[in-house]
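What follows is a set of notes on a single structure, which appears directly below.
Keep in mind the model is a prediction, meaning the values are calculated, not measured.
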Amino acid sequence: MELLSGAEMVVRSLRDEGVKYIYGYPGGALLHIYDALFKEEELTHVLVRHEQAATHMADGYARASGKAGVVLVTSGPGATNAITGLATAYMDSIPMVVISGQVPSAMVGTDAFQETDMVGISRPIVKHSFMIKDPREIPEVIKKAFYLAESGRPGPVVVDIPKDMTDPTKKYEYEYPKKVKLRSYNPATRGHSGQIRKAAELLTSAKRPIIYSGGGVILGQAAEPLTELAKNLNLPVTNTLMGLGGFPGSDRQFLGMLGMHGSYVANLAMHHADVIVAVGARFDDRVINGASKFCPNAKIIHIDIDPASISKTIRADIPIVGPVEAVLSEMNSVLAETGDKPAKEALNSWWKQIDEWRGERKMFPYDEGDGSIIKPQAVIEALYEVTQGDAYVTSDVGQHQMFAAQYYRFDKPNRWINSGGLGTMGFGFPAAMGIKLHYPDAEVACVTGEGSIQMNIQELSTCLQYDLPVKIINLNNNALGMVRQWQDMQYSSRYSHSYMESLPDFVKLAEAYGHVGIQIERLEDLKPKLAEAFAMKDRLVFVNVVVDPGEHVYPMQIKDGSMRDMWLSKTERT
């Protein structure tokens, strides 16, 4: 049996788990682990410039690949700097393993230098947490951490390791477990067949059915059976912000994103539906608007891996607990076996109504103006054309996020990467870095704003060191755009601290970090200069686009209304 120190066990366990990349920042409590890492050739460590960026890099990698990202942070401020990233991953059910250094065991609880209770601080925003109390338990704990992070409803897991647990002078027998089992943790591996048959019967009896799919379809790798179900029964489909790409965005049956900034037709179709198939979605407040007025005539089939999510906000008529891929596949088999489909005449009438709502206009129409100023919507449309709709697109949070979700048509899952639940500014850039590291030949674009990009702009340095040529598309409106929009709509345009009166020259700043900067101020330059940026395959390009500072995101649901109650422009409402 091989003898290894606790520090060597950490590193070897990660290698044996199949980890390729670690994102981190060293410190005193971690130095034994970093010394062991120095000797390990099969793991690539990325030295970020801030621990929050490490968590978002791991998060972006996890969202694109489906595998847990790994973060390494030191005790005290290193660990607390990772908290925002943990909360971001937790809210969106993203698998992540964060290994945090801790002061020596004998000093825990003494307020020692750089001591924080990482397990206690992170408890509300992790799926589970461990503290190592004996070096011999390290391999099993690491195995459990990955199992918990990636199975069932995914989420982040913390492993807190006191420094004396990694003492290089003390050696122990090492064996990495092939599998683990936790007595009190048994996530469902399939749905209840009786409930699936009931759901199939209800769905085929519907006159106005609709599929409402969420991030669980992406996480559960269920895009294929979801698309099969929709195509087989000719059902309209809408996605949440997190579910974009779960059904092809350019398909005729796709009604657009639903919810607060969802499309007119998607929100109306949801409101008037008689049967809703909710798949991997949690009926969050940004979708349902006023819970008491949500889809008053609809029977709801709710499919989710997490039993706690079902009927939590909106009561399900047919709840199905199980992995969405397995449930949808079984439902497709049941429908193939019975040959049942919704009545053709009723479904044709439903599609006729949907097409009337849709009309001849764009899914998300906007006033294109006279061309004297660039509209942010036009930037995303140009980005879609230049990348041929095949890029990985990350975003930060705000108006630019909504414009990207509305105007970039995602035809594949795992291509739209954003912080939906927590709404974390500073997420987009490091998330793009994590994706580019894993998929070096792919086009990776970060759509951001001048407020968000400055949250983690120091990672321009990391990109140069590790050759990560992402493309940054900054929609620069000189303001915190979504804050300003709300101030326009609800506070009589009293712009309290939403305008940024002092901004850097982003082109020069990018150049100072060793990258390429491009400024776009004229509409006629938009598409050519974006094409120029993406033609530079081996360079990070920061594209600063000056856009209309007064533009709003529409539609926008009216607070506490129903799904159909929306502002359609600054002067028009339903």
Side-chain angles (χ1 to χ4, degrees), residues 60 64 244-245 248-251 254 256-257 362-366 368-369 371-396 398-418 428-429 431-433 435-436 438-450 452-453 460 463 467-477 506-507 510-511 515-548 551 553:
L244 292 172
S250 59
D251 193 282
F254 183 58
M257 180 176 72
K362 290 181 178 179
M363 187 176 289
F364 292 98
Y366 67 96
E368 298 181 21
S372 61
I373 190 165
I374 300 172
K375 296 287 185 176
Q377 300 95 324
V379 180
I380 306 302
E381 289 177 328
L383 176 65
Y384 179 81
E385 291 179 33
V386 167
T387 60
Q388 299 180 318
D390 198 33
Y392 287 87
V393 179
T394 73
S395 84
D396 279 293
Q399 284 184 321
H400 62 269
Q401 177 191 26
M402 294 300 111
F403 289 133
Q406 290 177 338
Y407 292 93
Y408 200 101
R409 297 189 295 277
F410 296 93
D411 284 336
K412 300 175 184 177
N414 304 97
R415 295 302 184 96
W416 168 235
I417 312 293
N418 79 118
F429 178 29
M433 294 162 59
I435 297 165
K436 190 67 177 176
H438 189 62
Y439 299 109
D441 296 328
E443 296 284 17
V444 182
C446 168
V447 176
T448 187
E450 73 287 348
S452 288
I453 192 62
L460 286 168
C463 284
D467 188 22
L468 300 173
V470 300
K471 305 299 184 280
I472 300 169
I473 315 300
N474 185 38
L475 305 189
N476 192 337
N477 60 7
F506 287 109
V507 170
E511 291 170 348
H515 304 298
V516 177
I518 293 178
Q519 182 87 354
I520 304 178
E521 298 181 11
R522 301 187 308 166
L523 183 60
E524 56 264 37
D525 294 334
L526 178 58
K527 194 171 177 183
K529 287 197 173 184
L530 278 177
E532 178 188 340
F534 280 91
M536 289 183 262
K537 301 294 185 184
D538 60 346
R539 298 298 302 277
L540 183 150
V541 184
F542 192 116
V543 184
N544 187 55
V545 189
V546 179
V547 299
D548 185 350
E551 193 67 10
V553 180

Exercise for review: Could you pull out all residues at least two apart from D411 that satisfy salt bridge (charged side-chain N to carboxylate O under 4.0 Å, His left out)?
Suggested key: none
Review point. Measuring from N477:CG to E551:CD, what's the distance to the nearest 0.5 Å?
Key: 10.0 Å
Practice item. Please list, chain by chain and in numerical order, all residues satisfying side-chain hydrogen bond (donor to acceptor under 3.5 Å, both in side chains) with Y366, sequence neighbours excluded. Key: E381
Check your understanding: L526 and V545: which non-hydrogen atoms are nearest, and at how many Å?
Key -> CD1-CG1, 4.3 Å
**Study point:** 4.5 Å side-chain heavy-atom contact, Y407 and V379
**Key:** no
Check your understanding: Between M257 and L244, is any pair of side-chain heavy atoms under 4.5 Å apart?
Key -> yes
Practice item. Taking salt bridge (charged side-chain N to carboxylate O under 4.0 Å, His left out) as the test, write out the residues that go with E532, two or more places apart. Key: none
Point to revise | Result of checking I417, D396, V470, I473 against C446 for side-chain contact (heavy atoms from CB on, under 4.5 Å) | key: D396
Check your understanding: Would you call C463 and H515 a side-chain contact if the rule is heavy atoms closer than 4.5 Å?
Key -> yes
Point to revise | salt bridge (charged side-chain N to carboxylate O under 4.0 Å, His left out) against E521, all qualifying residues, sequence neighbours excluded | key: none
Review point. Would a 4.5 Å heavy-atom cut-off, applied to side chains only, mark R409 and F254 as touching?
Key: no
Exercise for review: With sequence neighbours excluded, tell me which residues meet salt bridge (charged side-chain N to carboxylate O under 4.0 Å, His left out) with D390.
Suggested key: K412, R415
Practice item. Given side-chain hydrogen bond (donor to acceptor under 3.5 Å, both in side chains), test E443 with Q388 step by step and report yes or no. Key: CA-CA 10 Å; E443 296 284 17; Q388 299 180 318; over 6 Å; no
Check your understanding: Should Q399 and L475 count as side-chain neighbours, where that means a heavy-atom distance under 4.5 Å?
Key -> no
Exercise for review: Mind listing the closest non-hydrogen atom pair of A533 and K471 along with its distance?
Suggested key: O-CE, 2.9 Å
Check your understanding: Nearest heavy-atom pair of F429 and L460: which atoms, and what distance?
Key -> CE2-N, 3.6 Å
Study note, to complete from the structure: The reported gap from OH in Y439 to CG in N414 (rounded to nearest 0.5 angstrom) is 7.0 Å
Review point. For V547 and H400, what are the C-alpha separation, side-chain angles and deciding distance, and is it a side chain to side chain contact (heavy atoms under 4.5 Å, CB included)?
Key: CA-CA 11 Å; V547 299; H400 62 269; over 6 Å; no
Review point. Between NZ of K436 and CG of L468, what distance do you get to the nearest 0.5 Å?
Key: 8.5 Å
Revision key, fill the gap. When every non-hydrogen atom of N474 is compared with those of G449, the smallest separation belongs to OD1-C, 2.9 Å
Practice item. List for me each residue that meets side-chain contact (heavy atoms from CB on, under 4.5 Å) alongside A404, sequence neighbours excluded, and say none if there are none. Key: I380, W416, V447
Review point. Are any of the side-chain heavy atoms of I472 and L540 separated by less than 4.5 Å?
Key: yes
Point to revise | Distance-minimising heavy-atom pair for L523 and A378 | key: CD1-CB, 4.5 Å
Point to revise | Distance in Å, L383 CG paired with K527 NZ, rounded so as to fall on 0.5 Å steps | key: 11.5 Å
Check your understanding: Does Q406 reach the side chain of V553, with side-chain heavy atoms less than 4.5 Å apart?
Key -> yes
Check your understanding: Can you tell me how far CD1 of I520 sits from CG of N476, rounded to the nearest 0.5 angstrom?
Key -> 12.0 Å
Check your understanding: Roughly how far, to the nearest 0.5 Å, is CE of M433 from NE2 of H438?
Key -> 16.0 Å
Point to revise | Expected output: side-chain K375 to main-chain D548 donor-acceptor under 3.5 Å | key: no
Check your understanding: Looking only at heavy atoms, what is the nearest atom pair of L530 and A382, with distance?
Key -> CD1-CB, 3.7 Å
Point to revise | Contact check, side chains of F534 and T387, non-hydrogen atoms, under 4.5 Å | key: yes
